[in-house]
Structures are given as structure tokens and as C-alpha cells.
Amino acid sequence: MMKRANCRNLIQLTRRHWWVVMILLLGRPAYADEGMWLPLLMSNTHWDDMRSKGLRIDPEDIYSLNNTSLKDAVVHFGGGCTGMLVSDEGLMFTNHHCAYSRIQGHSTVEHDYLSEGFWAMERDEELPNIGLTASILIRVEDVTQRVLAAVNQKMSETDRTASIRRASQAIAKEVTDRSHYHAEVKPLYYGNQFILVITEVFRDVRLVGAPPSSVGKFGRDSDNWMWPRHTGDFAIFRIYADANNQPAEYDLSNVPYRPRTFFEISAAGIKEGDFTMVYGFPGRTQQYIPSWGIRNFQHHTYPAIVNIRDHELAVINHTMGLSDELRIQYTGRQARVANGWKLYRGVIPGLERFQVISKKEKEQQAMLESLRDNPEQYAHYLNLLAAYETAYDDILPLQQYNTYFSECFWRNPLFRFIFRAYRIPDMDMRSEEGKPAIAELTTDLAEAVHGFYATIDIETEKQILSAMVQLFTEAIPYEELPSLLAEAKQKYDGDYTRFIERLFSKSMFSNAEDTYRFFRHWKRSSPRRLSRDPLFALMRDIVEHYMGDYHPALQDANRSLDSLHRINMQLLLTVHSTELLYPDANGTLRIAYGEVAGSYPRDAIRYHHQTTLEGVLEKHATGHPDYEVPEQLLRIASPEYYHPYSTDGTMPVGFIANNHTTGGNSGSPVLNGYGHLIGINFDRAWEGTMSDLNFEPSICRNISVDIRYLLFITDKLGGASYLFDEMVIHRP
Ligand code: ARG
Ligand code: ASP
């Protein structure tokens, strides 16, 4: 009897959830190669799959709750990148592009470390970086039950969010009250699960070595987001701690941090098909949003970003051609703007080519079909889809407004500088709290003025701003414009150059000296003068309009969407289980695994998995300025110098693999089956950059620097092979 009942249940279950059966039949995750797995949630299904692909060490060696494991050697670098420990004296690798602003900060006319590279030849030459953090994971715990105990079904979405925030803060506080650790509760699966993440944050992180940009940024924007790639995108740091091996602010008396473990290096080489694993901190992905969400991105948000940045880059590129000084001044800004611009120019065609919208529609349809035998669930899902469609239609104009606001103004450095004074006119100059607060703010601003104005050129800023006002007023309906822009639209009849000229000619913010003097000599009449300054007034009008009319509505709309995502995810989880669905990236430590793999990105094109120094020379021979090569590298670019980093007469530079990565994974250790370091992740191949929304195994590839190139450059170009004494290097 029992048996027959069970059997019937199973049949019912399988009839309803036919794809569960398909997955069971396949006997492996539906998302092989795809996925950024949270170690805490990984099961034997994953480890077995990894073993079958070439993993040779124990899961416990990779991630353990109680013992030392490789997770102790992965570093969250400065919040936005990853890094890895490679010696028992706190030595750490990350990417050159993650260290770029730090290297720039140490550079002067006499010591231009960006162009010449930097190599500390002894410990006391290592350069401190105030404000830079290196965080190492202590522990992750599932706290879902505790967090969800604070909510109930009847709560409004706003109350729910507030209760979850309170519960999360209380849980984190228990940790921070009794330790020096940092603690944070993070949602997974759109708030269906919660984890407590406990980290140790180091604050004395010193620069040890960086190749010249002609190596570390070789190929610049021409090659960014592209394979074949020949960039030696690495930099070397060292973490320092106090005498008790605990985090401390920078201090000369600090000593190298002694980590619980570190990565050993394999210089034995790689071949296509070899197991690879990326251990790092991916920032954000949205793998589970429905077809309408993709539509909004693909047809609206991304094209808008590309269009706005096209105009901004046209001005910046023109400026950079005018003089060396301007070129240097704008390189950092140019790289930042161009990075996102080029990314979305890769994502949009990827979404088109793989017809992601219709793929999602089919998945939604299949889900619906699978629920057909259960009228209640069927209706529930049907309602969910309808609600999704309405929610994405409703949010679209808000998203567009938000995109134009952020891209045209909020991201603009001059706009943001002026915004720092935003609150001043509303502050009470006479009150007890007001007086010192204003004094502090104006002193800070006065101190920041010259540093900030040294990074911009006013003529260029005028051109950028008039282009931005033009784009904004064309895209946003007249009735929705902030009043000063609506006025300008009428008055200047599309000639925003004149509008902006006028604003700058009457604004103190058009030059550093006036701005400095204004904040330096604060008077009773100053707040009034500030309010009347035309650039300040424009900034204030734009921000107030956004904060008043758009921001709250957008937040509401996003909250509604989040609750739909939560319901959708809950459903997906009952069908698939967490074993098969990885949570979207959220800046927590993840494992992606796969293999070294070339690809067929376009008709008749085959990507080989590895690049070599030969390719650097080939690109250099084109004479293009992005492929400049330092003289010393040209001299050693020949097989007699490759030993012992290469044995077959070629010098490997980069390789691609099918590991699922995203922004934040830069600087992640790329490991072989033994957990040894074979490369440093730094980018993705253009054709597969839609992987944040949709991973296509045939084409999505992460790009890494081959660790042998790091060793070769550090030794033969930097003359810093003394650093290898602290490392463990396995040679062929
Ligand atoms: N595309 C890489 C990532 O998104 C950045 C590479 C930096 N290089 C450059 N030329 N911008 O961060
Ligand atoms: N370049 C990215 C980073 O800095 C990595 C990526 O998006 O693939 O994290």
C-alpha cells in the first residue's frame, strides 16, 4: 500500500515538474559551467561534478567551517575587487586595474610609477595606501530562520523590509560587540535566505610591485573586454598587521600579516580542458529576472547608457588629443567611462544573438505548463507573470529617468563636487549644532578645491555639460524636466552651449581660485550667495526634482519588483532546490568552476585558449599607441630569457576559461585541480559579456593573466625575483 502511494506521489510530482525529472536523468546540475556557487550551500552534487572535471583536493581543503582552508587566502580587495595571499608574510596579488588609482596616487613627475612601474626592493620601500582595505572571510552562517522570524505574511513590503533590516542589524551587532570583526547579514535568492558574513578587515595594505602600464594595461581600451588579450594585468601588495597579527591602521611598527594559509603557485603550464576554479567576490548578477526585465535593459537602459557615453567620450577623446597634460588629466576618467560603454556594447548584441527575451518567455511558458495539473499553483504563477509584466511596464519611465539622471549628471565629477555643498543653504548658521557643522564642511571643501580642480579642465567640462543637458532635455518629456532645464529648453531653443556658457560665466565654480576663496572665507552672506550661484542652483534643482518626484517612486517600484522576484525565486527553488540554482552574485565569496577552453565566437573564427608574448610583439608592430611596449620588454622578448618560466620557447601571457565571473571577480585567483594558482582573473571576452543576465557556455569566457607571465615580468622586467623566496612555486 505504502509503496503504491509513494509511487503515485512521485508520478504526480514528476508530471507536474517534468524538468526535475530531466535534471535527475541527466544526473548533474542543469547549469554545468554556469554558476557562482556559495561554498556554504555547495553539496556533494557540486563536489562530485568538480571531481569528475579534474578537482584533486578535498572540499574541506577549499572551504571548511572549522579548519584552515583556501578560503582564508582569498581577499576582498578595496571592496570592489578580489586578491589572493601568496606567502606567509602577507604578500598578495591582485590586478593592475584594481590598483590603478593607488599607483596613480603614488606617481609624481619624478617618479611616474604608472608609466615606469614600481618595484620595492626591500620592505621599507613598500608604499602605504591610506583608506585601502583588505578583508578576509572568517565565517559564514545561515541565519534565515532568525531573520524571517521577524516577518509575517500580512506585513506590507515596506514593513517587511524594515523588520528584516532591524533583525539583520541585531544579528550583526552580536558579533561586532564581542570581537573586532566586521559582520553583515546579506540576503540570498531575493530574500528567501539570509547569511551572516563575518570578516576581518585589514587597513595597512602596502604596494610592493606593479609593472608599467604598457604591460599592466597593455592594449588599453582597444583590447578592453576582448580576447585575444595580451595584458599583464597584475599588481603586488602586502598586508600588514599589529604585533598580535590583528588589523591596525597604517603604522611603521606594523609587521607583515601572517595568514592562516596562502596559495601555492603552479608554473607547470596549462592546456585546453584542464580543470579551473575561480575563487572570488563577484559583485552583481541578475540571472533570474523575467523576459520583461531583459527587455527594459536591452531596449532601453543599456542603449541609453551607450548613447550618453558616446557623447561624453567624444568630448573627452577630443580633449585628450589636444596636449599631453590634458591626456594625462583625463585618462582615468576616460577609462572609467569607456569601460561601461564598451561593456554594454558587448552585452546588447549578446542578448540579441542568443534571443534571451524569447528564451526567457519560453522558460516562463514551460513553468506554467508544468503547473497545469495544479489549478491553484497554475493561477498563482499566471498572476505572477501578469504582475511582472505590469510592474516592468510601470517602472520603465522611472528607470529611464534614473538612467538619464545618473548618467548625465550624478556620475559627473564637477556636478558631484558642487553637490558636496548641497545642504549648506538649509543649515542653520546660528544654532549650536549648525555653526561647527558648517565650519567643518566649508573647511573640507576649501581643502578639496585645488586637488579637485587639478583633475578637470573647465572648457572640457562645459562641453560635456552642454552635451548632457541636450541629451537629457531631448529624452525626458518637457513636463517632467526640472524647472531650470525646462526654462532653458524654451529660452535657448536647443542651443545649450550658450546656456552653459552663461552659467559658467556667472558661477564661482568655473574656477578654482574663486571657489577656494568662497569656502575659505565663510561669511554670513555666503549661504545666500551660494543659493544664487547659477551652477549650484542648477545642481540643486536637478537633485531636488529627482529626490522629490522620482527617487521615492522608483524605490516603491523596485520594492514591488523585489517582492515579485522573491515569489518567483521561491517557486524556482521548490522546483530546482538550491543544489541546482546558485544565488545571484552579491559581493559574497563564490566558487566558479570549469575548464580552460577556447571558443568559436563568430562564424569561421576560433579562439585559441592561450596568448603569448609573440602576440604582444605583433600588436606592437601595428604602431598603434595602445600597443606601446617598454624598451626593456622588447629586449627580453626572446626565448633565451624565458627560462625557467617557460620551457617550450614561447612565453604565455593570458588564457581563457569557461568560468562564470562578473565585475568584482577581477583579481580572483584562478586555480588548478590541486588548488594551485595558475592565473589571475581580470576580464571577460566581449561576445559573452551578457553573462550577468544569461550565461551561454559556448561563448562566455573569463580572461586571466597566466601566472608564468607574472613571474617572468616580476623577475626579468622588475628585477624583483627576491619576492619569490617567500612563495611556494611548483615548476614543471
Ligand atoms: N574590463 C575590466 C573590468 O571591467 C577592466 C579592465 C581595465 N582596463 C581598461 N582598459 N579599462 O573591470
Ligand atoms: N573587469 C571586471 C572587474 O574588474 C571583471 C569582469 O567584469 O569580468 O571585476
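Predicted, not measured: the structure shown is a model, and the values here were computed from it. Whatever order the structure lists ligands and atoms in, that order sets their numbers, starting from 1.
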S.K.: Could you check whether atom CZ of Arg416 has more than 12 heavy atoms from other residues, nucleotides or ligands sitting under 6.0 Å from it?
M.R.: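 Check passes, neighbour count above 12.
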S.K.: Taking CD in Glu200 as the centre, count heavy atoms belonging to other residues, nucleotides or ligands within less than 6.0 Å. Is the count above 12?
M.R.: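 Yes - once you tally the heavy atoms of other residues, nucleotides and ligands closer than 6.0 Å, there are more than 12.
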S.K.: If the cut-off is 4.0 Å to any non-hydrogen atom of Asn665, which atoms of ligand 2 fall inside it?
M.R.: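 The list of qualifying atoms is 9 (O).
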S.K.: Tell me the contacting part of His97 for ligand 1: side chain, backbone, both, or neither, using a 4.0 Å heavy-atom threshold, strictly below.
M.R.: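 The part of His97 near ligand 1 is the side chain, not the backbone.
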S.K.: Whether Asp33 and Lys53 form a salt bridge (side-chain N of Lys/Arg under 4.0 Å from carboxylate O of Asp/Glu) is what I want to check.
M.R.: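 Looking at Lys53 and Asp33, the cut-off is met.
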S.K.: When you look at CD of Glu614, are more than 12 heavy atoms from neighbouring residues, nucleotides or ligands closer to it than 6.0 Å?
M.R.: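 Open.
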S.K.: Test of understanding: with side chain to side chain contact (heavy atoms under 4.5 Å, CB included), list the residues that count as partners of Ile328, not counting sequence neighbours.
M.R.: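 Checked Ile328 against side chain to side chain contact (heavy atoms under 4.5 Å, CB included); zero matches.
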S.K.: Report the nearest protein non-hydrogen atom to atom 3 (C) of ligand 1: residue, atom name, distance rounded to 0.1 Å.
M.R.: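 Result: Asn339 ND2, 3.8 Å.
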S.K.: Once you restrict to heavy atoms under 4.0 Å, what part of Thr662 touches ligand 2? Side chain, backbone, both or neither.
M.R.: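 The backbone, only.
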S.K.: Which residue supplies the protein heavy atom nearest to atom 2 (C) of ligand 2, what is that atom called, and how far is it?
M.R.: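 Residue, atom and distance for the closest contact: Ser666 OG, 2.9 Å.
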S.K.: Between Arg229 and Asp683, is there a salt bridge with N-O shorter than 4.0 Å?
M.R.: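 The answer is yes: the pair qualifies as a salt bridge.
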S.K.: Flag Asp683 as yes when one of its N or O atoms lies below 3.5 Å from any N or O atom of ligand 1, and as no otherwise.
M.R.: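 Between Asp683 and ligand 1, an N or O pair is found under 3.5 Å apart.
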S.K.: With a 4.0 Å cut-off on N to O distance, would you call Lys619 and Glu628 a salt bridge?
M.R.: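 Here Lys619 does not pair with Glu628 in a salt bridge, since their nearest N and O are not under 4.0 Å apart.
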S.K.: Considering only protein heavy atoms, which is closest to atom 8 (O) of ligand 2, and at what distance to one decimal place?
M.R.: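 Ranking protein heavy atoms by distance from atom 8 (O) of ligand 2, first comes Arg684 NE, 2.8 Å.
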S.K.: Assess Cys81 for proximity to ligand 2: is some non-hydrogen atom of it under 4.0 Å away?
M.R.: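 No, Cys81 has no heavy atoms under 4.0 Å from ligand 2.
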S.K.: Could you check whether the rings of Phe218 and Tyr627 sit parallel, tilted or perpendicular, using 30° and 60° as the cut-offs?
M.R.: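 Because their plane-to-plane angle lies in the 30° to 60° range, the rings of Phe218 and Tyr627 count as tilted.
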S.K.: Quick one: look at Trp225 and ligand 2, take heavy-atom pairs under 4.0 Å, and tell me if it's side chain, backbone, both or neither.
M.R.: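 It is the side chain that touches ligand 2; the backbone stays farther off.
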S.K.: Which bit of Lys217 gets closer than 4.0 Å to ligand 1, counting heavy atoms only: side chain, backbone, both or neither?
M.R.: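 It is the side chain that touches ligand 1; the backbone stays farther off.
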S.K.: How far is atom 10 (N) of ligand 1 from the closest protein heavy atom, and which atom is that?
M.R.: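 The protein heavy atom lying closest is Arg220 O, 3.4 Å.
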S.K.: Tell me the protein heavy atom at minimum distance from atom 9 (O) of ligand 2, and give that distance in Å.
M.R.: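 Going atom by atom, the protein heavy atom closest to atom 9 (O) of ligand 2 ends up being Gly664 N, 2.6 Å.
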S.K.: Would you say Asn224 and ligand 1 have an N/O pair spaced under 3.5 Å apart?
M.R.: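 N/O-N/O distance under 3.5 Å: yes.
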S.K.: A quick test of your reading: do over 12 heavy atoms of other residues, nucleotides or ligands sit less than 6.0 Å from NE2 of His318?
M.R.: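 12 or below, so no.
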S.K.: Report the part of Leu343 (side chain from C-beta onward, or backbone N, CA, C, O) that has a heavy atom under 4.0 Å from ligand 2; answer both or neither where that applies.
M.R.: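 Leu343 to ligand 2: no contact under 4.0 Å from either part.
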